[in-house]
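For reference, the structure discussed in these notes is given below.
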Amino acid sequence: MPRVRRPRTPAQIARLRRRIRRPPGHWTLLAFCLVTMLVLLGVQGIAAHTTERSSTRDAAGGGEPFGGAGPLLTLDRGRLVSREPPAGRAVALTFDDGPDPRWTPRIAAELKRLGAPATFFVLGSKVVRHPDLVRDLHRDGFELGNHTFSHADVTGLPGWELSLQLGLTENAVAGASGVRPRLFRPPYSATPEAVTSAGARGLRRVAKHGYAIVLSDLDTRDWSRPGVEAIVRAATPPSDAGGLLLMHDGGGNRSQTVAALRRIVPELRGRGFRFVTASQLAGIDRAAAEPATSSWERGRGRLLLATLGVAHFVTDALTLMLVPIALLALLRMAALYFFARRHARIVRAAAAADRDEFLPPVSIVVPAFNEAAGIERAVRSLDASDYPDFEVLVVDDGSEDGTGDIVETLELDHVRVLRQ
């Protein structure tokens, strides 16, 4: 009999309502863990945002906003103006798109060996992955600048995303090194002549956040790996005037950059050039270019690094877990396929064995009453069976159309007629 479900009592209904309003502790803990996991995955998604390949723009030609201007721009009454003193025979080495765990230490070591200062414009997404590299750069006396969080083109970014790109990078550098970079190098930038009208509007928005914009005088285009000779040639000032030299320590293979540095610094020094940082070339005090953070700012930066570090660890762990899970799923499919085939073979073999071992005599009874129209076809089909021992009994139940007579005239070996 089907089980009859009794209606709930008022006490049971009240207890159920209390459980809904106040779920057990393990459900609360599970919900908290799920929310935390989603937050960490979201944070990691932002931190690991894919960056575009390193590149710079070609000069746009005459008539552009900064044609003829210097590469160091600051905001004055809502306009970007170039106010750096003449470079003279000073050269500022600058590097974009780092820190890179392979190439940044090599470039920094080469610069230290050559005794050349430099400014590194770092990506926030890489700072959170390699804060120790940024800490080492600052400890070794190199200058730090902001290069956005994910190598985003500031030309078309909405206001909230621009603030996020700048703020996250600033906080990451603050947590790693204890300073807040106030120099900004826009991604995909080169010389002032390459800045378009739309690019100028984007740079003005950045400058309103308190940044000095750093472009370049000499673009080596080392990101395209044109060869050491081409990099050295592009880095050599055509006259006795120095300026800002644009290179890269991240975004790809930088072996040509390292090799070119070994020639650029000695050759330019041989021509009487000296090497300075970007802030020195702009006449900006180092303390103003890299103001020290307060304890709150550094703590906030370290919290950002820790949060993104945990998010990175969680996503890496989940990725590693997916590998054995996928392998186990494949093994399960293979095992199911193997055992299914084996089971089918066993069943077929058992059925064949049963047919061979147990074949008793069989009688097939065909009741027939006035079936003259189709009786012949029916009994011939039965008689053609390959069963070893059988008989067909056609029971003629008083037919008036000669059904029994038709069967008898067939004279089939296994067919008999019974009349009643």
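Values below: every heavy atom of this structure, side chains too, minus hydrogens, waters and symmetry copies.
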Contact between [X] and [Y] at the side-chain level, heavy atoms closer than 4.5 Å - yes or no?
X    : Y    : result
V392 : D383 : no
T191 : P71  : no
L183 : S279 : yes
V362 : Y387 : yes
L133 : P105 : yes
M247 : I231 : yes
L157 : R205 : yes

Answer yes when [X] and [Y] have at least one side-chain N-carboxylate O distance shorter than 4.0 Å, and no when they do not.
X    : Y    : value
D240 : R89  : yes
R254 : D100 : no
E376 : R380 : yes
D136 : R139 : yes
R180 : E297 : yes
E229 : R263 : yes

Inset, instruction - Using the six-membered ring wherever Trp is involved, compare the ring planes of F390 and H414 and label them parallel, tilted or perpendicular (cut-offs 30° and 60°). - result: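 The arrangement is parallel - the two ring planes meet at less than 30°.
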Legend entry - Aromatic ring pairing F120/F95, orientation class (parallel under 30°, perpendicular over 60°, tilted between):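 Plane angle under 30°, so parallel.
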Inset, instruction - Measure across L72 and A282 and return the closest heavy-atom pair with its distance rounded to 0.1 Å. - result: CD1-CB, 3.3 Å
Inset, instruction - Scan D96, D219, D97 and name whichever one has a salt bridge (Lys or Arg N to Asp or Glu O under 4.0 Å) with R185. - result: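 Of D96, D219, D97, salt bridge (Lys or Arg N to Asp or Glu O under 4.0 Å) with R185 is met by D96 alone.
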Inset, instruction - Just do the side chain to side chain donor-acceptor pair (under 3.5 Å) check on T236 and E267 with the steps written out, would you? - result: CA-CA 9 Å; T236 303; E267 289 182 12; 4.9 Å; no
Legend entry - OG on S177 to CZ on F142, rounded to 0.5 Å: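 Answer for the CZ-OG pair, F142 versus S177, is 14.0 Å.
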Taking [Y]'s backbone N and O only, do any of them form a donor-acceptor pair with [X]'s side chain (distance below 3.5 Å, no angle check)?
X    : Y    : answer
T293 : G178 : yes
E110 : L261 : no
E290 : P181 : no

Inset, instruction - Take E170 and Y211, measure what side-chain contact (heavy atoms from CB on, under 4.5 Å) needs, and give me the verdict at the end. - result: CA-CA 11 Å; E170 186 173 319; Y211 288 93; 2.5 Å; yes
Legend entry - Check against side-chain contact (heavy atoms from CB on, under 4.5 Å), F149 and V127: CA-CA 9 Å; F149 192 81; V127 174; over 6 Å; no
Legend entry - Chi angles and distances behind the side-chain contact (heavy atoms from CB on, under 4.5 Å) call for V395, V366: CA-CA 6 Å; V395 180; V366 180; over 6 Å; no
Legend entry - Steps toward side chain to side chain donor-acceptor pair (under 3.5 Å) verdict (H209, S163): CA-CA 8 Å; H209 286 79; S163 299; 3.2 Å; yes
Inset, instruction - For the pair L244 and T94, evaluate side-chain contact (heavy atoms from CB on, under 4.5 Å) and give the outcome as yes or no after the intermediate values. - result: CA-CA 7 Å; L244 276 157; T94 63; 3.6 Å; yes
Inset, instruction - Ignoring hydrogens and angles, state whether a donor on the side chain of H248 or T257 is under 3.5 Å from an acceptor on the partner side chain. - result: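 No, no side-chain donor-acceptor pair sits under 3.5 Å.
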Inset, instruction - Indicate, with yes or no, if the rings of H151 and Y188 have centres closer together than 6.0 Å. - result: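 Yes: the rings meet the under 6.0 Å criterion.
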